[in-house]
**Student:** 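Pasting a structure here, questions to come.
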Amino acid sequence: MTLAKSPKNEVPNYQPAAVVTATADTIGQKRVAEAHEEVACSKQARGHGMNAPRIDSIEGLFQYCRGSLDAHHDIREKVIKAGRDVTNASKKIIFALQSVRLDSQGKVLFTASINSNIDKGYTIIQEKLQSIVGEIGVNFSHGVHPQKRSKYQHQISGGIQEFVEAVSLECYLREGRIITLREVQNRVSEWVKPKGDNPHPSEYKTIPITIEDFILGLFDLTGELMRFSISNLKPVTASKEVVDPIPSICTNMLNVMREFKTQFDQLNLTELGRNQDLKEFAKKRAVFEASLQKVEFGIYGVFMRINEMT
Amino acid sequence: MPNPILDGSVFEALQREIDVNALTVELIKTEVAKLDDVLRNCTALLSRVHSTAPSQLSRIIAEYYDSGYAQKLTDALSGLNNIIEGKPVYKYKPIWTSSLQQVIYVILYVHFLSRVSDKTCTASEFAELLATPKDVSLTLKVKCTMTNQAIQYTGSHTDDQESKVVYDLNDLDGLWFGTEEYLHAIISLINELSRLSVNLVTTISTTNALNKDQSDTVKENFTLPVMINTFIKSLQSGFMMLNLKNDSLRRRFDSIKYDVKKTEDVVYDLAVRGLL
């Protein structure tokens, strides 16, 4: 590892957004004074035992390129791996949440083992996100575009969507409402921010939860809501007396899903065009419509049977 | 009043996002179209190199600069830069990447041609035939993630100095190019030079046939095809150092060997006829 560090003042003046070198681990601790000297994703090139490449020779230039491409592929793979782990842990949380049962009043009952499984999942997700914040994190504080993202956003999107699905399902089961994007973002930012006495938001980076990922995560949530309400569709009884033909949480879920549909139907998606981020929408939307009808049909069945019995 | 269960504002935000996205794509495409127009002019001019004798190359270079194409390229790029500044670069990058690669290629090609038409340049200075990322960046006034490296390595340095390779800058705003764009441009240059190598033999031969009554000093010699062969071979060995993944760069790299072979054949043919 023999590359030379350049003094900051050597940055040529034609270059407004100066490039400054730093490693991921210095980010958040050491802040370069000038706001524009922002470093995002940088990585020490793999040495491969070479001497400092001299970019003024063809060989040196390609040695530099090799380091640069290797670093790129390393980061890419690291992010993909972390993304896969986040997906996995999120699936475990969702599985734990699906095993939640309703008590005799139709209230959601979280057992200690379910809670501990959920916490385990979050711990893993937190660790994984922390491990890649240096690579894919962005700083929100410079008045930049809110949809700012890193080169590797595509590699982490799947994991983020699954994570949104898990947190939103948990929030819904605990509080009966859909979590907001801001809450999810704050949670992630809290997780990945560096330890120490309250650093200012401008001093650390966070992993962006894009609107696209959030909404796609909510689409996935509707599938879980469907699963949960179908498997809990039985009359709530207290001392053999039917209190409620169906648990109120199921009706609530149906209402939420209908609210989703109202919102989705209002979206003008004709401009989606070739946007990669939004391509999945049409697909997930169809799945969602099917879930909604399944719940509606399930509730219909319950009431049909009640009519039959009376 | 906001819905207590489902905050609908996120859907409004999504709608805004979709609309802004559509608008931005339109704006960027308009700028890229302008850039492509200039690029077509440049490549049209540069295609005449194939029917020009080496001694006349400087005329084409002069025409390139006199026509103001260099300035037009910079202007088009700065227009594009203005549009994408402050926007999520990675989201829209695919729209301009291939045009940007093409621009870098033009710079590399013009640099090569000016070097070889410059009589003081000797065949041994291969590094000088290739415009460095820093050269490209300064010429185009476009930021480059490789630039700092260029700066730090041209200065004196000792081996024990610690340094890092900045691969990528999530927060680097506006238009910039990096390793991949530069390497793609080099491959385009190799493709072009292998064709040039063949055509040079024709142009040199015809020029010499016209001047056959003149003294030998006026006659063109065949050093340029040899120089091209050596040059692209050293580029090829550079590419061989890279760990390429199965991407577009790899596929294009795989085509280099045919270019190298073509220039080797030209040099062989010249050699067996005693023309070197």
Side-chain angles (χ1 to χ4, degrees), chain A residues 2-6 10 14-15 17 19 21 23 38-45 51-73 138-139 144-145 147-151 153 177-178 180-181 211 214-215 256 259 263 267-268 271-273 275 278, chain B residues 3-8 10-11 13-15 17-19 21-22 25 86-88 90-91 126-127 130 132-133 138 141 143 145-154 157-174 178-179 183 234-235 238-239 241-245:
Chain A
T2 48
L3 313 174
K5 186 167 190 130
S6 96
E10 277 193 11
Y14 68 90
Q15 196 180 354
V19 177
T21 58
T23 46
E38 171 89 21
V39 183
C41 208
S42 58
K43 181 157 181 164
Q44 223 157 324
N51 288 326
R54 292 189 61 87
I55 212 160
D56 50 1
S57 72
I58 287 179
E59 201 194 340
L61 177 68
F62 277 95
Q63 271 178 5
Y64 166 75
C65 291
R66 175 165 79 176
S68 159
L69 286 179
D70 284 352
H72 160 60
H73 290 127
V138 296
N139 190 303
V144 290
H145 193 277
Q147 282 291 284
K148 201 170 161 182
R149 63 199 61 204
S150 81
K151 175 165 192 173
Q153 186 66 36
R177 63 183 183 91
I178 301 298
T180 64
L181 173 54
I211 299 178
F214 181 72
I215 303 251
V256 166
E259 182 60 27
Q263 296 285 0
L267 288 180
N268 174 6
E271 296 289 357
L272 277 186
N275 188 335
L278 300 171
Chain B
N3 187 323
I5 296 177
L6 175 61
D7 177 15
V10 72
F11 289 95
L14 178 69
Q15 184 67 62
E17 178 66 22
I18 293 168
D19 296 344
N21 180 65
V25 169
K87 297 196 174 62
Y90 285 111
K91 192 167 169 175
F126 293 116
L130 184 69
T132 64
L138 288 167
K141 298 190 174 61
K143 283 166 263 176
T145 55
M146 307 159 80
T147 306
N148 250 30
Q149 297 296 324
I151 292 163
Q152 52 197 53
Y153 296 127
T154 45
H157 68 281
T158 51
D159 280 355
D160 57 341
Q161 271 178 301
E162 183 79 2
S163 167
K164 284 96 193 173
V165 169
V166 176
Y167 177 67
D168 221 338
L169 301 133
N170 292 343
D171 290 332
L172 187 54
D173 201 7
T179 307
L183 290 176
S234 67
L235 291 177
F239 270 99
M241 287 162 53
L242 307 176
N243 302 312
L244 294 171
K245 291 280 186 293

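Predicted, not measured: the structure shown is a model, and the values here were computed from it. Naming convention: chains lettered A, B, ... in sequence-line order (proteins, then strands); numbering from 1 in each chain.
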**Student:** To the nearest 0.5 Å, what is the distance between CD1 (A:I215) and CG (B:L14)?
**Tutor:**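 A:I215 CD1 to B:L14 CG: 4.5 Å, rounded to 0.5 Å.
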**Student:** Please give me the minimum heavy-atom distance between A:E259 and B:L6, naming the atom from each residue.
**Tutor:**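 Looks like CG-CD2, 3.4 Å.
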**Student:** Any heavy-atom pair between the side chains of B:L235 and A:I58 that's under 4.5 Å?
**Tutor:**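 Side-chain contact under 4.5 Å: yes.
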**Student:** Let me confirm one number: the CZ-CG distance from A:R66 to B:L244, rounded to the nearest 0.5 Å.
**Tutor:**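 It comes to 11.5 Å.
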**Student:** Evaluate the side-chain proximity of B:M241 to A:E59: yes if any heavy-atom separation is below 4.5 Å, no if none is.
**Tutor:**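 Side chain of A:E59 against side chain of B:M241, heavy atoms only: contact under 4.5 Å found.
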**Student:** Within a strict 4.5 Å, meaning less than it, do heavy atoms of the B:L183 and A:L69 side chains meet?
**Tutor:**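 The answer is yes, as the side chains (C-beta and beyond) meet within the 4.5 Å cut-off.
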**Student:** If you compare all heavy atoms of A:L267 against all heavy atoms of B:Q15, which two are closest, and at what distance to 0.1 Å?
**Tutor:**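 Closest pair (atom of A:L267, atom of B:Q15, distance): CA-OE1, 3.1 Å.
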**Student:** Which value, rounded to the nearest 0.5 Å, describes the distance between B:D7 atom CG and A:Q263 atom CD?
**Tutor:**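 B:D7 CG to A:Q263 CD: 9.0 Å, rounded to 0.5 Å.
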**Student:** When rounded to the nearest 0.5 angstrom, what is the spacing between CZ in A:F62 and CG in B:L130?
**Tutor:**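 One finds 7.0 Å between CZ of A:F62 and CG of B:L130.
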